[in-house]
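Working notes for the structure below.
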Amino acid sequence: MFSNSLRLPSRLLSKLKVSRGLCSVPAPVFEDSGDFLRLSSNGVRVFDLLEDNDIPAVRRLYNMLLKQCTVSKRLTQGRIVHGHVVKSLFCYNLVMHNTLLNMYAKCGSLEEARKVFDQMPERDFVTWTTLISGYSQHGRPCDALLLFNQMLRHGFSPNEFTLSSVVKAAAAEPRGCCGHQLHGFCLKCGFDLNVHVGSSLLDLYTRYGLMDDAQLVFDALESRNDVSWNALIAGYARRCGTEKALELFQGMLREGFRPSHFSYSSLFGACSSTGFLEQGKWVHAYMIKSGEKLVAFAGNTLLDMYAKSGNIHDARKIFDRLTKRDVVSWNSLLTAYAQHGFGREAVCWFEEMRKTGILPNEISFLSVLTACSHSGLLDEGWHYFELMKKDGLVPKAWHYVTIVDLLGRAGAFDRALRFIREMPIEPTAAIWKALLNACRMHKNMELGAYAAERVFELDPDDPGPHVILYNIYASGGRWNDAARVRNKMKKSGVKKEPACSWVEIENAIHMFVANDECHPQREEIGRKWEEVYTKIKELGYVPDTSHVVVHVDQQEREVNLQHHSEKIALAFALLNTPPGSTIHIKKNIRVCGDCHSAIKLASKAVEREIIVRDTNRFHHFKDGSCSCRDYW
DNA sequence: ATAGGGTTAG
């Protein structure tokens with residue numbers, strides 16, 4: 001009947017190895033027909049082994065098949081093997097059940113894993129560890145910690161495998177706050193110096209902001225590997241410790257460890273969030289030199305880094321060079337175009353993405369919607385909002401915010417209000433902030449005051465809306481109302497965040513605040529701005545004093561305005577960069593309206609391209625106009 | 001048989 005079957009003596013079976021590489025794992029072969037079991041792996045068949053009556057070999061084969069399913073995450077095939085294991089009860093043993101449990105856990109089917117666990121006639125510490133790690137790896141830290149508790153109560157001792165999973169779970173569960181206790185427990189068990197346990201411990205400490213504790217764990221490790229280095233680098237990267245992260249990166253290189261996508265991804269993210277573009281470029285150069293391919297994980301962060309530092313063209317280049325693109329790559333590109341106000345490009349690339357067969361997710365839609373609202377593409381934005389629902393995605397609060405923004409910016413206030421009334425969620429502070437901002441653009445005082453009141457109810461501590469309402473009143477000449485807003489701020493203790501701007505020149509970041517009196521180059525900077533000021537006045541610049549939130553007379557207002565941090569930063573950059581080069585300025589809050597008009601004209605007067613990043617977008621100033629077309 | 005580190009939006 002099975003004359004074609006290849007009969008292999010069972011001693012050969014021990015030579016079969018499951019490859020751990022993700023792609024090189026062969027799929028188990030299933031020839032399940034009738035009552036006969038012909039499951040095979042690499043040519044060895046269960047049937048043949050059964051004929052040999054070689055039960056240990058059958059067990060080994062089942063284990064191997066399950067392992068293949070686990071590594072290649074083939075849940076469906078794993079279930080079939082499970083069925084066979086159940087049928088041949090005579091070859092049951094604990095190891096095989098642990099393997100089975102692990103197959104379900106690693107494939108992310110934790111309900112099935114739990115069922116296997118609950119029905120197991122006997123369990124050992126590996127059984128518990130397997131399920132704990134399953135929960136820990138699949139975003140269910142609470143279940144992992146709960147199970148760990150039960151494991152201890154049942155009298156099982158955890159090993160280093162258990163503890164690294166448990167610590168990982170604790171790091172993901174901030175309510176737990178059991179970091180130090182767990183560390184003590186690991187120490188008591190004698191596993192605190194193990195690389196795996198130690199790496200997750202130091203990761204936990206960095207997530208709680210306890211950097212010194214993390215460093216201590218790192219220094220005490222009995223051996224280091226790339227993972228422990230990466231955990232520490234990522235920790236500093238997350239907490240804006242870019243210099244320290246870069247220092248660690250060099251330490252890693254000095255000690256001969258090869259950086260991986262984990263290291264690069266963390267470093268690019270760190271450089272991006274703290275504006276260390278030059279250092280980021282250096283790391284990028286190192287990555288190229290070491291022959292590392294540009295794969296999605298590190299590449300996406302790199303793309304984001306260039307985009308966030310204002311270099312949209314470099315960001316695009318990275319996208320083109322990615323060896324493989326995932327949803328995040330596309331989203332990062334869309335986000336980049338959205339933030340730079342390139343609405344048309346974002347829409348084009350969104351369409352391209354759909355054509356390529358990549359399924360847009362919530363973030364893709366959020367990006368394309370943001371792009372539409374920033375560019376005034378009202379119909380397109382509305383179209384994508386509808387499309388999103390048709391695609392079966394449920395819009396979240398931020399999607400609603402973007403639509404309010406879209407309608408509000410376009411001046412469609414009736415539609416915006418109706419939309420807010422009819423949407424299925426309670427309006428959040430962000431919804432009213434979006435409407436308030438639209439009222440500022442269109443100088444709609446009545447609705448602006450109403451929206452501001454709603455914001456004050458929902459988020460009373462944010463100084464931004466107070467300042468916007470002040471500006472709405474001031475620009476309409478209603479100084480009494482403006483003064484009332486200012487007094488309200490004073491009374492409730494809401495402080496306007498001090499504005500600052502900064503520029504990165506040759507590896508150094510130069511920061512400026514308004515009326516900066518202590519900068520070494522302040523006189524030169526002052527003279528430079530005078531020079532620019534004279535030129536832009538000739539081009540028609542009229543100071544707009546409604547942006548000064550202090551109570552002083554007109555003369556003083558005009559003087560004040562010229563000392564805004566973005567103007568000082570621009571003058572400084574003009575002094576310290578080669579003629580004709582692009583100037584990048586960053587700001588911690590929205591660009592002031594007056595500075596926006598001044599910089600527009602300055603870009604023409606000094607013949608420079610000037611890119612300013614504020615809290616929510618980029619402005620590309622060139623030849624007297626801005627990429628936002630004053631639509632911001 | 002069981003383990004640790006990384007990305008996009010707001």
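Quick note: numbers below take in every heavy atom, side chains included, and nothing from hydrogens, waters or symmetry partners. Protein chains get the first letters and strands the later ones, always in sequence-line order, with residue 1 at the start of each. Worth saying up front: this structure is predicted, and the values here are computed from it rather than measured.
Interface residues of residues 100-116 of chain A facing DNA chain B, ordered by number: N102(A), K106(A); criterion, heavy-atom separation under 4.0 Å.
Contacts of T129(A) with the nucleic acid, taken as non-hydrogen atoms under 4.0 Å apart, include base atoms. Counting any heavy atom pair closer than 4.0 Å across all strands shown, V195(A) reaches a base atom. Residue contacts shown for S260(A) include a base, since a base heavy atom lies under 4.0 Å away. At the heavy-atom level, N361(A) lies nowhere under 4.0 Å from the strands shown.
Within the 4.0 Å cut-off from OP1 or OP2 of dG6(B), at least one side-chain nitrogen or oxygen of R207(A) is found. Under 4.0 angstrom from either OP1 or OP2 of dG6(B) there lies at least one side-chain N or O belonging to R238(A). At least one side-chain nitrogen or oxygen of Q137(A) sits closer than 4.0 Å to the OP1 or OP2 atom of dG4(B).
Using a cutoff of 4.0 Å between basic side-chain nitrogens and carboxylate oxygens, R140(A) and E111(A) are scored as salt-bridged. The pair K433(A)-D459(A) counts as a salt bridge, with a side-chain nitrogen and a carboxylate oxygen less than 4.0 angstrom apart.
Look at W398(A) and the base of dG10(B); the rings do not stack under the cut-offs of 5.5 Å between centres and 30° between planes. In this structure, F297(A) counts as stacked on the base of dG6(B) under the 5.5 Å centre distance and 30° plane angle limits.
With distances taken from any side-chain atom of H196(A) to the nucleotides dT8(B), dA3(B), dG6(B), the minimum falls on dA3(B). Closest approach to the S165(A) side chain among dA3(B), dT2(B), dA9(B) is made by dA3(B) (side chain taken as heavy atoms from C-beta onward). With distances taken from any side-chain atom of T370(A) to the nucleotides dT7(B), dG10(B), dA1(B), the minimum falls on dG10(B). If you check dG6(B), dA1(B), dA9(B) against the side chain of Q339(A), the one that comes closest is dA9(B). Taking the side chain of V328(A) as heavy atoms from C-beta on, and the options dT2(B), dA9(B), dT7(B), the nearest nucleotide is dT7(B). The side chain of N300(A) lies closest to dT7(B) when the candidates are dT7(B), dT8(B), dA3(B). Listed nucleotides dT7(B), dA3(B), dG6(B) differ in distance to D203(A); the shortest reach to its side chain belongs to dG6(B). The nucleotide whose nearest atom lies closest to any side-chain atom of K168(A) is, among dT8(B), dG6(B), dG4(B), dG4(B). Closest to the F161(A) side chain, of the nucleotides dT2(B), dG4(B), dT8(B), is dT2(B).
When rounded to the nearest whole Å, the span between CG of D326(A) and P of dA9(B) equals 14 Å. Per the geometry, CE belonging to M305(A) stands 15 Å off C1' belonging to dT8(B), to the nearest Å. The distance between atom NZ of K308(A) and atom C1' of dG10(B), rounded to the nearest whole Å, is 11 Å. Nucleotide dG10(B) holds its P atom 16 Å from the CG atom of D462(A), rounded to whole Å. Summarising the geometry, the separation between CZ on F117(A) and C1' on dA1(B) is reported as 15 Å, rounded to the nearest angstrom. Remark: P of dA9(B) and CZ of F618(A) are 11 Å apart, rounded to the nearest angstrom. Regarding L201(A), its CG atom lies at a distance of 17 Å from the P atom of dA3(B), rounded to whole Å. Look at CD1 on I363(A): it is 8 Å from P on dA9(B), rounded to the nearest Å.
Between H196(A) and F161(A), the ring centre distance reaches or exceeds 6.0 Å. Ring centroids of F365(A) and Y384(A) are separated by 6.0 Å or more, keeping the two rings apart. Under the 6.0 Å cut-off for aromatic ring centres, H183(A) and Y205(A) qualify, their centroids lying closer than that.
Side-chain contact check for F148(A) versus P158(A): some heavy-atom pair is nearer than 4.5 Å. A 4.5 Å side-chain heavy-atom check between K586(A) and S309(A) finds at least one atom pair inside the cut-off.
Interface remark: the N225(A) side chain does form a donor-acceptor pair with the dG4(B) base, using a distance-only criterion of under 3.5 Å. With hydrogens and angles left out, the side chain of S265(A) and the base of dG6(B) share no donor-acceptor pair within 3.5 Å.
Atom CD of E222(A) sits in a crowded spot, with more than 12 heavy atoms from other residues, nucleotides or ligands closer than 6.0 Å.
Relative to the six-membered ring of F319(A), R325(A) meets both conditions, a distance below 6.0 Å and an angle of at most 45° to the axis.
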